Amino acid sequence: MCGIVGYIGNKEAAPILLEGLKKLEYRGYDSAGIAVKIDNSNFIIVKETGRISNLVKLTNNGKNLSGNSGIGHTRWATNGKATLVNAHPHTSSFNEPLNFKECDAKIVGVHNGIIENSAELKQKLEINGYKLYSETDSEVLIKLIDYYFNKYNQDPFLAISKTMLRVKGSYALEIMFKSLPEEIWVARKDSPMVVGINDDESFIASDIPAILKFTKNIYSVDNFEIGKVKKGEVHFYNLNGEELLKETKKIELDSSLVEKSGYEHFMMKEIHEEPSAISEVLKRYTAENEVKFDIDEEFIKQISSITIVGCGSSYNAAKVAQYVIEDIANIPVDVKLSSEFRDHKPILRKNDLVIFLSRSGETSDTLASLRLAKKENIKTIVITNDIKSSLAKEGDFVLDTCAGEEIAVTTTKCFSNDLIVLYLLAIHFAHVRDNLDESNYLNEIRKIPSLIEEILKDQSKIQWLATKLITLKKVFFIGRNTDFAISLEGSLKLKEICYIHSEAFVAGEMRYGSISLLKEGTAVIGVLTQRKILDKTLQNLLECKKYGAYIVGISTNDNDIDKMVDYSCYVPKINDHFEASLICIVLQLLSYYGSVAKGFNADRPIS
Ligand code: GLU
């Protein structure tokens, strides 16, 4: 996945291209580049590795290059490393284009996608005298267009359509020809692309938000379509050269795409909302140095044991909380799936507490379980994101998850906020029962929003890992205690939105049978944050390597496991009890990128 943008009109192209690229940065950002056409029809190309902000700086926000048409690209490398020479735009010249140096190539282009038969095509080009300067499949694509352009009388349509018939793979492609200063050509297969027009200017992008600021009249480009984009005008053709009659769609300001605030999916938007959602719930339930819950303190003092009941991710949040509450509040905790709770008569005693978790507050098994507990006269707490729901109406104490609306099918911010509410319960119970000073733990919990921001700032390693995992057959997680509990959530997400077979195992259990499942093509992800037991899990992970598994460690940034595992990621360090809140962001992003890389709609993978 990556992003492309294009502009042709009467304004300076570079600042518009950069603004569009910034909006597309969520699609990939290991390097970026732009090309603008100058008056004599040559090009100025500027590329930079790293984030778009590097390119913005290098070009002085686009002011250092002048021209009224251009194309841009933010790359997520698939073929060739994330280096300057591999960054797009690419050209038909045999030499690498140099930053800010006038380039007189016949063809300059950017490409989003993967050309699967690029090795074979490269050979063919080399036999025909071509020299390639980069390792990318995209340069092969541009050079192939050049080959057909020369072969078919400098006809841009034939050059592109012949290339489309010859390549295998996916592409959203923008091409500028030196000989055609008033046109940008586009083509697409299996990578998204839209074209927007105004009276006297046109815009091209991978996704609508990148150009919505400039125009609301948008064409969506379909597979195997070719477009000739001019100022305020675009002509579409099929592969036979027949012109297609297409209409623009008017994108209204309140359309769902705008609600996604520039993100391609609600899931990504909601992941980015987690820091503010967590701050919100902290504001609701804490004062300066204490937790404020409206729960009868006499009852809290008498609790003999706690059962937490939920389905899916709610169950996984409960599993994390089991360790945290037992450790901090010293109360035994059991966790039950709602369907099991209701289908197997639970043993509940007078001073037991049952906590029910449900995002909607309407989960039928959870509601039936709540009614069962109430029938036994057991005290209940409901934690839900809808305080008007049935569960909320029937629980004795109701705690609002305060996550705001969550539209993606898979939960992200509700899950994170559930964890926070459960942490607060743990320290509040400990305070009421054992006089624990809440402030130390509270200070740690309050760090979570900014530490999540830190993780969100650089997602490149997670994105890379996702693209690796989707090529493997199975992905297992191992961990101990909360590391295991949060692994359950990571594994569920891979199943739910990536359709990858995944399981989470208690690391210490691995050797009692499950290890036989490991072979080449299996990844094992070790979650390694719990200081006291981290070495043991690491040993288990290394054992998995012996069975041929690809091993990944996700740890805290005070550890260095790089040399021991095949791939590593780190999260910031906080109190061990709350690390799951940081690990879960990595696992959510991992599943998001995996889903998108597999071509699913991460918000509704089965739609
Ligand atoms: N396959 C191309 C490359 O590696 C394009 C990748 C992308 O879509 O960013 O350069």
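As the structure lists them, so they are numbered: ligands from 1, and atoms in each ligand from 1. The structure presented is a predicted model; accordingly, all values stated were derived computationally and were not measured. Position 1 is the first residue of the sequence, and the numbers go up from there. Just so you know, these numbers use all the heavy atoms, side chains as well, and skip hydrogens, waters and symmetry mates.
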Proximity to ligand 1 by part of T136, non-hydrogen separation under 4.0 Å: side chain
So is there a nitrogen or oxygen of R75 less than 3.5 Å from a nitrogen or oxygen in ligand 1? yes
For ligand 1, is there an N or O atom under 3.5 Å from any N or O atom of G113? yes
Has K495 got more than 12 heavy atoms of other residues, nucleotides or ligands less than 6.0 Å from its NZ? yes
Is the number of heavy atoms from other residues, nucleotides or ligands under 6.0 Å of E520 CD greater than 12? no
Measure the distances from the heavy atoms of G80 to every atom of ligand 1 and state whether one is below 4.0 angstrom. no
Which one of D137, I115, N112, D30 has a non-hydrogen atom at the shortest distance from atom 8 (O) of ligand 1? N112
Which atom pairs, one a donor and one an acceptor, fall under 3.5 Å between side chains of residues 120-128 and the rest of the protein, sequence neighbours left out?
unit_1 : atom_1 : unit_2 : atom_2 : d
E120   : OE2    : R166   : NH1    : 3.2
E120   : OE2    : R166   : NH2    : 2.8
N128   : ND2    : K124   : O      : 2.8

Cation-pi check, K162 onto Y148 ring (under 6.0 Å, within 45° of axis): no
Any side-chain heavy atom of F149 sitting closer than 4.5 Å to one from I107? yes
Closest approach of F600 to H265 (non-hydrogen atoms, all atoms of both residues): O-NE2, 4.4 Å
For H111, take its heavy atoms, then give the atoms of ligand 1 lying under 4.0 Å from any of them. 5 (C)
Numbered atoms and elements of ligand 1 in range of H73, under 4.0 angstrom, heavy atoms: 9 (O)
